[in-house]
*Asks:* 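So that we are looking at the same thing, I have put the structure below in structure tokens.
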Amino acid sequence: MKRTITLIALMAALLIPSMATAQRMPAKSSMRLSQFKAPAAAPARDEEEPIMDVPEGTLYDNMYATSFAYGLGWGDIYIQNVDGGIGKVVEGTDGNLYIYNPISQGYIWFSILPWIKAEPAGDGKYVVRLPQLYIIDVGDPYYAYCMHYDEDEGMPVVEEEGEIEFTWENGVLTQLGDKFIGLCDATADWFYMADQHIVYAPQTDEVLTLPEDLYVQSYTMTYLSDPSDLNKTKETVVSVAIDGEDIYMGNLNNNNPDSYIKGTLVDGKATFPTRQYLGVDAYYNGHIYVLTGEAYVDTETYGSPVFNYNLNDEIVFNVDEDARNIVAEWPAAMVTNVGPTTLSIINDYVAPGLVAFDEVPAVPANPIFNNDDIMVNTASGWAVLHFTIPTVDVDGNKLNENKLYYNIYLDDEVFTFDPEDYIGLSNAMTDIPYKFEDNINFDIYMGNDGRHTVYIYNTDFGMVGVQSIYTAGDEVNRSEVVCVENPTYSGINEVATGAKVVNTRYYDLTGRELPKAPATGIYLQCATYSDGTTATIKVVK
């Protein structure tokens, strides 16, 4: 039986971001609209179905979307100039035009994004007649409504019925007029998300192609991590390739690991221009760029210190004679960003310093996985695993995380994650990259503590195992398979030992503790038993 898929919302800043004010793109947190207010759960009419599959016709994919939008955070309405969203349009075989995910490029995603229909109106114009059923979320219907800005209310208000016109010319979709497309429940009550001035245009920027047969060297990049303490740093592993006066840097964004930016290497200086395109990141629903600037500690915008940036045209690194050290000194910085103009930051790299990382064949240390790290719910047909993949070899030497993988074993067979069961995957996966996360349904993810969580939709096994794999140095080396027996109990209150639950705590999917179990949504429930053992399950309501 398929599990219910809930809506994914993105929290953001409570202001319009500008070139001088950084909006941070936080990790998505899973929630239902009814967590903000109770939905009207009137059933949709029998003849209505939301358009979730790609309509038949000619698809214009991965377009560049802009709009002006209202969004919803935890109790707050905020506004944003959306720049760099992902748009799609289908010229339908039925003569209609279909528009992908117009509400709202800035804040909201579903596991499968919806479409709305626009009917031809002549002279290259199409009209969206509203309301239209937009999506059904856990049985509750939500509609796209026409809205207009009301001066007295100081915000958009819903129209019982309305039309929004678009032009569709030369592959560009442009909204006419100032109306909003807004998200409402079955009683036309607005959920504070709405977009106007929508434009979907072809994306003309292209991802850089690395020259063939170019040697790629791994580097450990260290960068400032705490605006309250400029002595604190973080590390990540990036890729660098040098071809004469051309220098390339890659693996700057987790969801675009094979994309590179290009610079010039002259007289011991490596200079990378700003606004270089990395490609599409479906997790952030955006076109991703690397921007450069000078960092400063901003204590005013958010009430606590953050890094903010005065954007500029380039970042310059000092390079030693053998290119073993590549360093950009404070306040030089670069960020990965949704769009090339307005700061919507994914990653900050402040005063980045790179040191060559020599990869050699190595046997990875064994995973950390024991009897307390598995729970099996036979009644529901799933198991959840928690384990740690050490990022060192058996001798304690650091490994390149980008070449570290793991396998899951059920009894003696390597387990393959099939998209039919794992809706967050587009392809079947056996070797799971160390940093990989399923950002749609959170079946595979890594917590802030570095521990991996994996759901297995199968309980018919006697033993489950985890194995680390390291692929550096043109060799594939594997750890031992660390195995745990199936405890064969169902439900968090039933353990094989008969121990009783003495404490229960609740967490969201980012690891933050919650005061109580949410009424709806996806959260983690952690039970502590009288024998000292613990068990954690993912709850979907």
*Asks:* Would you say the ring centroid of Y143 lies under 6.0 angstrom from that of Y134?
*Replies:* no
*Asks:* Could you check N255, N251, N402 and say which one makes a side chain to side chain donor-acceptor pair (under 3.5 Å) with K435?
*Replies:* N402
*Asks:* Return yes if some donor-acceptor pair links the side-chain N/O of N337 with the main-chain N/O of T342 below 3.5 Å, else return no.
*Replies:* yes
*Asks:* Look at the side chain of W190 and the backbone N and O of M193, then say whether any donor-acceptor pair between them is shorter than 3.5 Å.
*Replies:* yes
*Asks:* Thinking salt bridges, do E163 and K179 make one under a 4.0 Å N-O criterion?
*Replies:* no
*Asks:* What heavy-atom pair brings M334 and F317 nearest, and what distance separates the two atoms?
*Replies:* CE-CZ, 4.1 Å
*Asks:* Are Y100 and W115 an aromatic pair by the rule of ring centers under 6.0 Å?
*Replies:* yes
*Asks:* Which atom pair, heavy atoms only, marks the closest approach of P211 to Y248?
*Replies:* CG-OH, 3.5 Å
*Asks:* Taking the ring centre of each residue, are H287 and Y64 less than 6.0 Å apart?
*Replies:* yes
*Asks:* If only atom types and distance count, is the side chain of Q132 paired as donor or acceptor with the main-chain N or O of Y145 below 3.5 Å?
*Replies:* no
*Asks:* So, does N256 use its side chain to make a donor-acceptor pair with the main chain of S259 at under 3.5 Å?
*Replies:* no
*Asks:* Within the supplied structure, the quantity of interest is the number of heavy atoms (other residues, nucleotides, ligands) at a distance under 6.0 Å from D449 CG; does it exceed 12?
*Replies:* yes
*Asks:* I'd like to know if the side chain of N101 and the backbone of G87 have a donor-acceptor N/O pair within less than 3.5 Å.
*Replies:* no
*Asks:* Which distance, rounded to the nearest 0.5 Å, do you find between the CZ of F191 and the SG of C184?
*Replies:* 9.0 Å
*Asks:* Could you tell me whether Y455 and Y422 have their ring centroids closer than 6.0 angstrom?
*Replies:* no
*Asks:* Can you name the closest pair of heavy atoms from V207 and G279 and give their distance?
*Replies:* CG2-CA, 3.6 Å
*Asks:* Taking D185 for the side chain and A188 for the main chain, is one N or O donor matched with an acceptor at less than 3.5 Å?
*Replies:* yes
*Asks:* Quick one: OG1 on T271 to CD1 on I315, what's the gap to the nearest 0.5 Å?
*Replies:* 10.0 Å
*Asks:* What is the distance from atom OG1 of T299 to atom OH of Y296, rounded to the nearest 0.5 Å?
*Replies:* 10.0 Å
*Asks:* Any sub-3.5 Å donor-acceptor pair from Q276's side-chain atoms to K262's backbone N or O?
*Replies:* yes
*Asks:* Measuring from T93:OG1 to E56:CD, what's the distance to the nearest 0.5 Å?
*Replies:* 5.0 Å
*Asks:* Is a side-chain N or O of Q203 found less than 3.5 angstrom from the main chain of D205, in a donor-acceptor match?
*Replies:* yes
*Asks:* Are F166 and Y126 near enough that their ring centres are under 6.0 Å apart?
*Replies:* no
*Asks:* Roughly how far apart are T453 OG1 and E437 CD, rounded to 0.5 Å?
*Replies:* 9.5 Å
*Asks:* Work out which heavy atom in T292 is nearest to a heavy atom in T274; give both atom names and the distance.
*Replies:* N-OG1, 3.0 Å
*Asks:* Of the non-hydrogen atoms in V172 and P202, which two are nearest, and what is the gap between them?
*Replies:* CG2-CD, 3.8 Å
*Asks:* State whether the side chain of E401 and the backbone N or O of T236 hold a donor-acceptor pair below 3.5 Å, judged by distance alone.
*Replies:* no
*Asks:* Testing the 3.5 Å rule here: is there a donor-acceptor pair between the side chains of Y309 and D348?
*Replies:* yes
*Asks:* Kindly say whether N347 contributes a backbone atom to a donor-acceptor pair with the side chain of T336 at under 3.5 angstrom?
*Replies:* yes
